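Not measured: the values here are computed from a predicted model. Residue numbering restarts at 1 for every chain, and letters A, B, ... go by the order of the sequence lines.
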There are 2 protein chains.
Amino acid sequence: MAGTKRLTQRDIAKLAGVSQATVSLVLNGAPTALARIPQETRERVQHVIRTTGYVADPIARRMAKGLNRILGVFTYEPAFPSEQADFFTPFLLGIEEEAQAQNYDLLLLTGAGVGRERKIFADGNRLRIADGCLVLGREFDRAELRRLVLGDYPFVAIGRREDAGGPVPYVGGDYANGTRALVEKARALGHEKLAYVGPSGSAESIVDRWRGFSEVIAEGAELVLHVNEVGRPAGEALDAIVASGATAVFFVELADAVRVEAAARARGLSVPEDFSAIVLGSHVRAERSHMQFTAFDIPREEMGRQATAMLVRRIEGAAPIEQILLTCEPVEGQTLANKRT
Amino acid sequence: MAGTKRLTQRDIAKLAGVSQATVSLVLNGAPTALARIPQETRERVQHVIRTTGYVADPIARRMAKGLNRILGVFTYEPAFPSEQADFFTPFLLGIEEEAQAQNYDLLLLTGAGVGRERKIFADGNRLRIADGCLVLGREFDRAELRRLVLGDYPFVAIGRREDAGGPVPYVGGDYANGTRALVEKARALGHEKLAYVGPSGSAESIVDRWRGFSEVIAEGAELVLHVNEVGRPAGEALDAIVASGATAVFFVELADAVRVEAAARARGLSVPEDFSAIVLGSHVRAERSHMQFTAFDIPREEMGRQATAMLVRRIEGAAPIEQILLTCEPVEGQTLANKRT
DNA sequence: ATTAGCTGCTAATACGCATTAGCAGTCAAG
DNA sequence: CTTGACTGCTAATGCGTATTAGCAGCTAAT
C-alpha cells in the first residue's frame with residue numbers, strides 16, 4: 001500500500017553517513033576504487049543495504065551505464081498460440097536456459113497492438129530496452145532485417161538468413177545436409193525414383209531443403225514428381241505419387257506426410273511397404289501421430305542456447321559476426337525401408 | 001556496424017531548429033501544451049523525426065516518467081523445462097495475449113544464476129525494471145509474498161493465495177467448488193464410500209481441494225480412505241483402496257490416477273466398472289494417456305489473461321486489491337460411472 | 001498608457017545511478 | 001621542512017527524457 005517510497009542510494013548514504021557516490025562504489029566499484037574504501041565503511045554500508053532491502057533501480061543503472069542484462073526476444077508470430085506453442089517452446093526453452101546461465105533476463109516483445117502485423121521497428125521500438133535481441137519466426141521481413149544488419153544494435157537470428165545488406169549473424173539448423181543425408185540413405189536402400197512434396201518459396205528453410213535434395217538429384221537420382229502442396233483430399237497427391245512410380249517420397253511438412261499416409265492406408269497401400277515416406281524436419285508432438293516418420297531432428301533447444309550465447313558474446317565483446325549451422329541428425333522412424341524388389 | 005550513434009532529442013532539436021523540450025512536447029505533450037505549438041513547427045519537427053527514424057529511448061523515458069509498459073513475469077520454477085512446459089505454457093499464452101492487447105511487453109525473470117533456488121528478492125532484484133509483475137509457481141515463498149504485499153510494487157499472483165500480511169491480489173481457479181461439484185456428482189451416482197488420494201500440505205491449491213472435498217463429507221458422505229501419496233509400485237495404494245471398500249477415488253495428481261488405474265487393470269479390475277476415478281484438475285497433455293479421466297478444467301489461459309488485466313489495472317489506476325476465482329468446469333471423461341449395485 | 005492575456009517557445013530541473021576529478025588529511029622519504 | 005605518495009572519501013557531472021516555470025513579444029482591453 002502506502003509504504004515507503006522507493007529507496008535510493010541517497011537514502012542509504014544518509015543512513016550510513018556517507019555520500020551517494022560511496023554507496024555506489026561499495027555496490028559495484030572497480031577493484032582499484034574499492035581498495036580505497038576501508039573494510040569498516042564498506043561493512044557499514046552493506047549493513048544498511050541489507051537491513052533496508054535496497055536494490056538499485058535497473059533503469060537508472062542502464063541509463064548511466066548503457067547495459068542492463070536484458071535480452072529481447074522478438075517473434076514474428078505470437079509465441080504462445082495454441083497452434084504454434086510447439087514451434088516456439090523448444091527455442092524458448094534453450095534461450096531461457098542459456099539466459100539464466102549467463103544471468104540475463106528475457107524481454108518478450110509482444111509486437112504492437114492487436115491484430116496488426118508484427119514489426120520490429122514499430123513506432124514504439126521497445127527493442128532498445130534490451131541490450132540486444134534474438135529474432136525468430138517463420139517469416140522474416142527482409143526490410144527490417146536489412147535495417148537491423150545496417151544498424152549497430154546487437155542481434156542474432158534463429159534460423160539461417162541470407163545476407164541482407166551484409167551478413168546476418170545466426171544459428172540455424174543445417175537443413176541442406178540433413179535433407180541430403182536422408183536422400184542418400186534412401187538411395188542406398190535402392191530408391192532411385194524420388195518425389196518431393198513441399199512448397200517452393202524464397203524462405204531460407206525451404207530453399208535449403210530443396211538444395212540438399214537437388215544435390216542428390218544432380219548426382220544421378222531421379223526426381224519423378226514435385227508437388228507443391230497437398231490438397232484437402234490427399235487423394236490427388238497420392239494419385240500423382242502412385243502414377244509417378246516414385247518409391248520414396250520426401251515431405252517438407254509433417255502434416256502432408258500424415259495426410260498422404262492416411263490416404264494410402266485407406267486405399268490399401270501401406271508405408272513403407274508400397275513407398276517410403278520421409279519428413280524433412282522434426283515436430284515436437286510428432287509422437288501424437290501413430291506413425292513414427294523417418295525424418296531429421298531439428299535441434300531447437302540447442303539452437304536457442306547457442307543463439308543466446310552468441311548474442312551475449314556480441315553484446316559483451318562486440319564479437320565478429322558468426323554464422324552457425326547445427327547438424328540435423330537423422331531420426332530412424334519406421335517409414336523408410338528397402339525398395340521393394 | 002559502426003553506424004551513427006544513437007539519435008537523441010537534442011539531435012532532432014538541432015535539425016529542426018528548436019529546443020529539446022519542444023521536441024519532447026511535439027512527441028507527447030499534453031493537449032494544452034500542444035495547443036501552444038503552431039502547426040507549422042510541429043510539422044517541421046515531425047518531419048525531421050520521420051526522416052531520421054528517431055525513436056525515444058524507452059529507458060530514458062522510464063527514467064523520467066517512472067513507467068515503461070513492461071510487465072514482469074516471475075516463475076518460481078524455470079518456465080520452459082521440458083517437464084514443466086505444459087504447466088506454464090497455457091498461463092503464458094493468456095498472459096502474452098492480454099499483454100499484447102494492452103500494449104505491454106513481458107519481462108521473463110529467469111531468477112538468479114544456475115542451480116540456485118529462485119528468489120524474487122535476489123540480490124539483483126531485476127523486478128523493478130517492470131512496472132509490475134505476475135508471480136506464478138507451485139511453491140510460493142511466504143516471506144517473499146509478505147514482502148510484496150507490504151511493499152508498494154504492483155503485483156498479481158496467479159493462483160489463490162492466503163493473506164500474507166494483508167490480502168494478496170490474485171486470479172485463481174476455484175478448486176474448492178470444482179472439487180465439490182465432482183464429489184457431489186459422484187454422490188448423485190450413488191457413491192457414498194469415497195477415497196482421497198493426494199498430498200496434505202499448506203499450499204492453497206491442496207487446501208482448497210481438500211476443503212471442497214471435506215465439505216461434502218461433512219454433509220454425510222463417508223471418507224473411507226485417505227492416502228497421501230502413491231508409492232512406486234501402485235499396488236499398495238490399490239490394495240488399500242480395494243480393502244477400504246471405496247467406490248469412488250479422488251486423485252489430486254493425474255499421475256497417481258494413471259498409475260492406480262494401470263495397476264488395477266493389471267489385476268483384472270477396471271475403471272469405472274470396479275471403482276470410479278476422478279482427477280481434481282486438468283492436465284494439458286491429458287490426452288496422451290489413453291484414458292480420459294473425469295476431472296475439472298483449470299482455465300489456465302483465462303487465468304493468465306485476467307491476471308494480466310488486473311495487473312495493468314493496478315499499475316495504471318492503482319485499483320484496489322481484487323481476488324478472483326474462476327470457475328473450474330467439470331470434464332466429463334470416462335472414469336466416473338454409476339455405483340455398481 | 002498601463003495592464004492583462006495570449007502565443008511560441010526555451011531554460012532548468014528531476015529521475016537514480018556510475019564515474020571521474022580532486023580535496024583534505026596523514027605519513028614517510030629526502 | 002618540503003615533497004610526494006597514499007588514504008578515505010565527496011562534489012560534480014552525464015545519461016535522455018518529461019515537465020514546469022517563465023520569458024519575450026504581441027494584442028486587446030481598461
Side-chain angles (χ1 to χ4, degrees), chain A residues 4-46 49 52 54-70 123-129 131, chain B residues 4-46 49 52 54-69 123-129 131 153:
Chain A
T4 35
K5 270 253 98 45
R6 190 168 158 57
L7 283 170
T8 71
Q9 285 188 348
R10 211 186 341 264
D11 301 323
I12 304 299
K14 212 161 293 172
L15 290 174
V18 295
S19 72
Q20 176 265 323
T22 304
V23 176
S24 178
L25 288 178
V26 167
L27 275 174
N28 46 13
T32 61
L34 268 184
R36 304 186 51 179
I37 297 176
Q39 185 70 8
E40 198 248 320
T41 305
R42 267 182 287 166
E43 270 169 11
R44 191 152 33 93
V45 173
Q46 295 279 19
I49 289 176
T52 55
Y54 165 83
V55 276
D57 180 350
I59 290 285
R61 215 163 174 145
R62 148 82 203 235
M63 186 76 200
K65 210 160 102 180
L67 293 180
N68 56 21
R69 298 201 85 77
I70 292 180
D123 83 319
N125 195 350
R126 329 281 334 288
L127 218 53
R128 314 224 48 140
I129 291 181
D131 296 336
Chain B
T4 36
K5 270 252 92 54
R6 194 169 158 58
L7 283 170
T8 70
Q9 285 188 349
R10 213 187 335 269
D11 301 323
I12 304 300
K14 212 160 293 173
L15 290 173
V18 294
S19 71
Q20 175 265 324
T22 304
V23 176
S24 178
L25 288 178
V26 168
L27 276 174
N28 46 15
T32 62
L34 268 183
R36 303 186 51 178
I37 297 175
Q39 185 70 9
E40 198 249 319
T41 305
R42 267 181 287 168
E43 270 169 12
R44 191 153 29 94
V45 174
Q46 296 278 20
I49 289 176
T52 54
Y54 162 85
V55 275
D57 180 349
I59 290 287
R61 214 162 174 148
R62 145 84 203 235
M63 184 78 199
K65 213 159 104 181
L67 292 181
N68 57 195
R69 297 201 85 80
D123 83 320
N125 195 352
R126 328 281 336 285
L127 214 55
R128 316 230 37 149
I129 205 167
D131 295 338
Y153 184 71

**OP:** Output, in order, the C-alpha distance, side-chain angles, deciding distance and verdict of side-chain contact (heavy atoms from CB on, under 4.5 Å) for B:Arg42 and B:Leu25.
**Re:** CA-CA 9 Å; B:Arg42 267 181 287 168; B:Leu25 288 178; over 6 Å; no

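- Checking D:dA18, C:dA18, D:dT10 against every side-chain atom of B:Ala64, the shortest atom distance belongs to D:dA18.
- Backbone-only contact: A:Val18 has heavy atoms under 4.0 Å from sugar-phosphate atoms and none from a base.
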**OP:** Please step through side-chain contact (heavy atoms from CB on, under 4.5 Å) for the pair A:Thr52 and A:Asp11, ending with a clear verdict.
**Re:** CA-CA 10 Å; A:Thr52 55; A:Asp11 301 323; over 6 Å; no

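- For C:dG16, the OP1/OP2 oxygens have no side-chain nitrogen or oxygen of A:Arg61 closer than 4.0 Å.
- For C:dG16, neither phosphate oxygen OP1 nor OP2 lies less than 4.0 angstrom from any side-chain nitrogen or oxygen of A:Arg10.
- We find that CZ of B:Arg62 is positioned 10 Å from C1' of C:dC15, with the value rounded to whole Å.
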Using nucleotides 22-24 of chain D, report all nitrogen or oxygen pairs with the protein that are shorter than 3.5 Å.
none

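- Distance CD/B:Gln46 to CD1/B:Ile49: 5.5 Å, rounded to 0.5 Å.
- At least one side-chain nitrogen or oxygen of A:Thr22 sits closer than 4.0 Å to the OP1 or OP2 atom of D:dT10.
- Interatomic distance, OH of A:Tyr54 versus CG of A:Leu27, reported as 6.0 Å (0.5 Å rounding).
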Subject >> Candidate pair B:Thr41 and B:Val18, rule side-chain contact (heavy atoms from CB on, under 4.5 Å), full reasoning >> reply: CA-CA 9 Å; B:Thr41 305; B:Val18 294; 4.0 Å; yes

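- Across the protein-nucleic acid pair, B:Ile12 atom CD1 and D:dG16 atom P stand 13 Å apart, rounded to whole Å.
- A donor-acceptor pair under 3.5 Å is absent between the side-chain atoms of A:Arg10 and the main chain of A:Gln20, judged by distance alone.
- Between B:Ser19 and C:dT10, a side-chain N or O to OP1/OP2 separation shorter than 4.0 Å is present.
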**OP:** For the pair A:Asn28 and A:Arg61, evaluate side-chain contact (heavy atoms from CB on, under 4.5 Å) and give the outcome as yes or no after the intermediate values.
**Re:** CA-CA 11 Å; A:Asn28 46 13; A:Arg61 215 163 174 145; 2.9 Å; yes

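- At whole-Å resolution of the value, CD in A:Gln9 and C1' in D:dA11 are 15 Å apart.
- Rounded to the nearest 0.5 angstrom, A:Asp57 CG and B:Arg62 CZ are separated by 5.0 Å.
- If you check D:dT17, C:dC17, D:dA11 against the side chain of A:Ala21, the one that comes closest is D:dA11.
- Taking only side-chain nitrogens and oxygens, B:Gln20 never comes nearer than 4.0 Å to OP1 or OP2 of C:dA12.
- B:Ser24 comes within contact range of at least one nucleobase, with a heavy-atom separation under 4.0 Å.
- Rounding to whole angstrom units, CD1 of residue B:Ile37 and P of D:dT20 are separated by 14 Å.
- The separation between A:Met63 atom CE and C:dC17 atom C1' is 10 Å, rounded to whole Å.
- At D:dG16, none of the side-chain N or O atoms of B:Tyr54 fall inside 4.0 Å of OP1 or OP2 (strictly under the cut-off).
- Rounded to whole Å, the distance from CG on A:Leu27 to P on C:dA18 is 7 Å.
- The interatomic distance linking B:Leu34 (CG) with C:dT7 (C1') rounds to 14 Å, in whole Å.
- An OP1 or OP2 oxygen of C:dC9 is reached within less than 4.0 angstrom by a side-chain nitrogen or oxygen of B:Thr41.
- Place B:Ala60 and A:Lys65 on DNA chain C by their nearest nucleotides, and B:Ala60 ends up nearer the 5' end.
- At whole-Å resolution of the value, CG in A:Asp57 and P in D:dT17 are 17 Å apart.
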